[in-house]
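All ligand and atom numbering here is 1-based and tracks the order in the structure. Just so we're clear, the structure is a prediction, and the values are computed from it rather than from any experiment.
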Amino acid sequence: MKAQWSIRARLTAWYSLVLLAGLTLFGAGIWLVISHSLRASLDETLAEDAKGVTTVLQSETEPDHLREELTEYASATPGGNLMEVRNSQGQQIVASKTVSMEQSDSASAYGVQVRPSGQYRTFTTNVSVNAGQYRVLVATPMDPTEATLSRVRMLLLWSTPVVLLLASLGGYWISRRALAPVDEITRSARVIGIQSLSQRLAVPASGDEIQRLSETWNGMLARLEAAVKRLSQFTADASHELRTPIALIRTTAELTLRRERSPETYREALRQVLLESERTTRLVEDLLLLARADAGLPSLPLERLELIPLVRDVCRQGQILAGARQLEISAEIPDEPVFVEANDPALRRMLLLLLDNAVKYTPSGGRIILSVDRGPAGATVAVSDTGIGIPETALPHVFERFYRVDESRNRDAGGTGLGLSIAKWIAERHHASLEAESVVGQGSVFRIRFPLT
Ligand code: ADP
């Protein structure tokens with residue numbers, strides 16, 4: 001199984017790794033620069049020393065005085081005991097007790113000589129003056145330089161792990177601090193359940209990712225809370241709606257059975273029971289449809305459909321719905337065909353729901369018009385009536401489930417309060433919009449606007 005590393009540990013590990021690489025590069029760079037420059041300065045000193053000896057050699061033309069001059073020069077110069085001068089025959093003119101000239105073919109050469117008293121950097125060169133050819137060796141102790149370099153090396157080697165350790169601890173602490181609010185969010189979110197959806201996470205005013213995360217969480221909680229509220233409201237409303245017809249059926253049956261009745265009374269009671277059962281069946285079917293709609297079912301396959309024949313059909317059905325009531329139901333339809341992307345049975349159902357409402361809420365003598373309009377933005381179907389209308393305050397709520405403008409009157413008319421919610425859902429499935437306009441006492445218009453096909 002893959003080891004589960006916390007973000008904190010991963011951050012610290014990466015940070016330490018990068019830091020280690022950086023420190024190593026930095027240390028190596030420092031070491032190279034310092035060692036190179038210290039050694040170069042030794043060589044420069046030697047070149048200077050050689051130049052000094054050359055000056056003495058040039059200034060003295062008398063070979064007899066040369067030894068004297070050079071010895072004097074050596075004793076007067078710091079580090080003068082570290083030089084050797086030979087003439088062209090190889091005879092020592094000045095010698096050093098510490099370093100000695102080695103056989104070398106090259107004209108000028110740097111070297112290192114290890115002696116019991118320490119390490120020495122040497123420089124051997126040929127000097128030509130008027131009096132002849134000389135070979136000169138100058139040397140300088142390397143020990144102070146090497147000691148400095150070894151101190152630098154120790155400092156770098158020891159400071160790297162210490163700095164790395166301190167920085168890693170600091171990094172771990174910082175990432176712990178930075179991620180602490182995430183732990184806090186996790187802790188708070190863990191205790192939020194379906195019963196406590198109104199709880200919210202504390203939002204730090206930090207303007208960073210944590211603030212955005214808490215706000216996003218809170219937004220999601222608010223949406224969940226609203227959805228759960230809608231669901232429980234729906235369940236409560238549904239049970240309330242179902243209770244009424246069931247209670248009516250039960251009371252009718254109980255009252256009728258209390259004593260012997262005439263066949264006419266029994267018939268009337270059964271008619272009542274049938275009416276309420278029909279209402280209950282309708283309600284249950286509507287509820288089922290909406291529950292399926294909430295669950296994302298059923299899918300509505302859309303196809304290219306000619307609107308006009310469908311609207312004519314619905315208009316005829318509306319006339320049957322109106323029955324004996326004196327309502328004039330007509331269709332206003334353009335001459336040319338109008339096509340929409342729709343699902344035939346669902347579209348019929350939506351139009352019938354709107355027509356049924358128009359019939360229910362339009363008094364006798366009124367007019368209902370089903371019209372089709374092929375506008376530039378897409379087709380529109382409107383159901384308008386000259387009915388009682390909907391008050392302005394109620395208009396925004398008519399598409400809500402179980403919402404009724406006037407409960408008692410609506411129930412008498414046989415409505416379940418779900419018709420417009422179903423119509424709205426069907427419209428949405430058609431990517432269409434369903435809007436209502438109404439003036440109390442004058443009538444209402446319900447418009448379905450289809451998108452352009
Ligand atoms: P129902 O199935 O009970 O009619 P709806 O969801 O279809 O319920 O309608 C919701 C509310 O809108 C009802 O209370 C009804 O009073 C009102 N309403 C719907 N259509 C019309 C209309 N054409 N004229 C007047 N009121 C309407």
Side-chain angles (χ1 to χ4, degrees), residues 230 233-234 237-245 248 275-276 278-291 293-294 311 314-315 317-319 321-323 325-332 346-371 380-429 433-448:
R230 261 201 316 275
Q233 184 65 41
F234 182 56
D237 289 347
S239 5
H240 179 78
E241 288 299 318
L242 281 168
R243 218 173 40 199
T244 317
L248 269 173
L275 193 78
E276 288 305 328
E278 276 170 2
R279 198 201 294 277
T280 316
T281 312
R282 223 171 26 245
L283 180 63
V284 169
E285 273 170 4
D286 286 354
L287 284 175
L288 206 64
L289 184 92
L290 282 173
D294 285 344
V311 169
V314 175
C315 190
Q317 279 173 288
Q319 278 150 356
L321 273 177
R325 297 179 54 197
Q326 267 106 47
L327 290 175
E328 192 193 322
I329 303 183
S330 56
E332 282 178 6
L347 186 55
R348 269 174 210 275
R349 177 152 197 194
M350 169 163 61
L351 290 177
L352 269 174
L353 281 166
L354 298 177
L355 205 58
D356 183 44
N357 277 350
V359 169
K360 274 192 297 194
Y361 305 113
T362 305
S364 294
R367 251 192 101 188
I368 297 169
I369 300 171
L370 254 158
S371 58
T380 306
V381 182
V383 180
S384 45
D385 61 58
T386 56
I388 57 171
I390 304 165
E392 215 180 310
T393 47
L395 210 54
H397 303 289
V398 288
F399 297 105
E400 287 170 16
R401 293 173 185 186
F402 297 110
Y403 182 83
R404 289 148 174 179
V405 176
D406 180 345
E407 201 147 318
S408 58
R409 186 191 57 198
N410 180 278
R411 219 188 116 68
D412 292 342
T416 58
L418 293 176
L420 286 181
S421 343
I422 294 174
K424 184 92 178 169
W425 171 72
I426 295 175
E428 277 165 11
R429 283 302 172 102
S433 66
L434 175 58
E435 298 147 18
E437 259 176 53
S438 188
V439 178
V440 175
Q442 288 186 22
S444 318
V445 187
F446 285 84
R447 254 187 219 99
I448 310 151

*Asks:* Taking the side chain as C-beta and beyond, is there a heavy-atom pair between Val314 and Leu355 under 4.5 Å?
*Replies:*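 In short, these two side chains touch, coming nearer than 4.5 Å.
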*Asks:* What atoms of ligand 1 come closer than 4.0 angstrom to any heavy atom of Tyr403?
*Replies:*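 Checking each atom against Tyr403, I get 10 (C), 11 (C), 14 (O).
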*Asks:* State the OG1-CG distance between Thr362 and Asp385, to the nearest 0.5 angstrom.
*Replies:*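 Those atoms lie 3.5 Å apart.
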*Asks:* Could you tell me whether Ile390 approaches ligand 1 through its side chain, its backbone, both or neither, with non-hydrogen atoms closer than 4.0 Å?
*Replies:*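 For Ile390, only side-chain atoms sit under 4.0 Å from ligand 1.
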*Asks:* Do any nitrogen or oxygen atoms of Ile388 come within less than 3.5 Å of a nitrogen or oxygen of ligand 1?
*Replies:*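 No; every N/O pair is 3.5 Å or more apart.
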*Asks:* At less than 4.0 angstrom from any non-hydrogen atom of Gly417, what atoms of ligand 1 do you find?
*Replies:*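 Ligand 1 atoms under the 4.0 Å threshold to Gly417: 1 (P), 2 (O), 3 (O), 6 (O), 8 (O).
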*Asks:* Mind checking the CD-CD spacing from Glu392 to Glu437? Nearest 0.5 Å is all I need.
*Replies:*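 So the gap between those two atoms works out to 11.5 Å.
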*Asks:* Arg349 versus Leu352: any side-chain heavy-atom pair under 4.5 Å?
*Replies:*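 Arg349 does not reach Leu352 side chain to side chain.
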*Asks:* Applying a strict 4.0 Å limit to heavy atoms, is Lys360 in contact with ligand 1?
*Replies:*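 Yes, Lys360 has heavy atoms under 4.0 Å from ligand 1.
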*Asks:* Quick check on Gly387 - does any of its heavy atoms sit under 4.0 Å from an atom of ligand 1?
*Replies:*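 Distance cut 4.0 Å: Gly387 fails for ligand 1.
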*Asks:* May I ask you to check whether Tyr361 has an N/O atom sitting below 3.5 Å from an N/O atom of ligand 1?
*Replies:*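 Tyr361 vs ligand 1: N/O contact under 3.5 Å present.
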*Asks:* Is there a side-chain contact between Val405 and Pro391 (heavy atoms, below 4.5 Å)?
*Replies:*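 Yes, their side chains come closer than 4.5 Å.
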*Asks:* Counting only heavy atoms, which portion of Leu354 has something under 4.0 Å from ligand 1: side chain, backbone, both, or neither?
*Replies:*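 For Leu354, there is no contact with ligand 1 at all, from either part.
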*Asks:* CD1 of Ile448 to CD1 of Ile426: how many Å apart, nearest 0.5 Å?
*Replies:*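 Rounded to the nearest 0.5 Å, the CD1-CD1 separation comes out at 9.5 Å.
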*Asks:* Nearest 0.5 Å, what's the OG-CZ distance between Ser421 and Phe402?
*Replies:*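 Reported to 0.5 Å precision, the distance equals 8.0 Å.
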*Asks:* With atoms numbered from 1 as shown, which atoms in ligand 1 lie under 4.0 angstrom from a non-hydrogen atom of Ser444?
*Replies:*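 Counting from 1, the qualifying ligand atoms are 22 (C), 24 (N), 25 (C).
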*Asks:* For Phe399 and ligand 1, answer yes if some heavy atom of the residue is under 4.0 Å from a ligand atom, otherwise no.
*Replies:*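 Contact absent.
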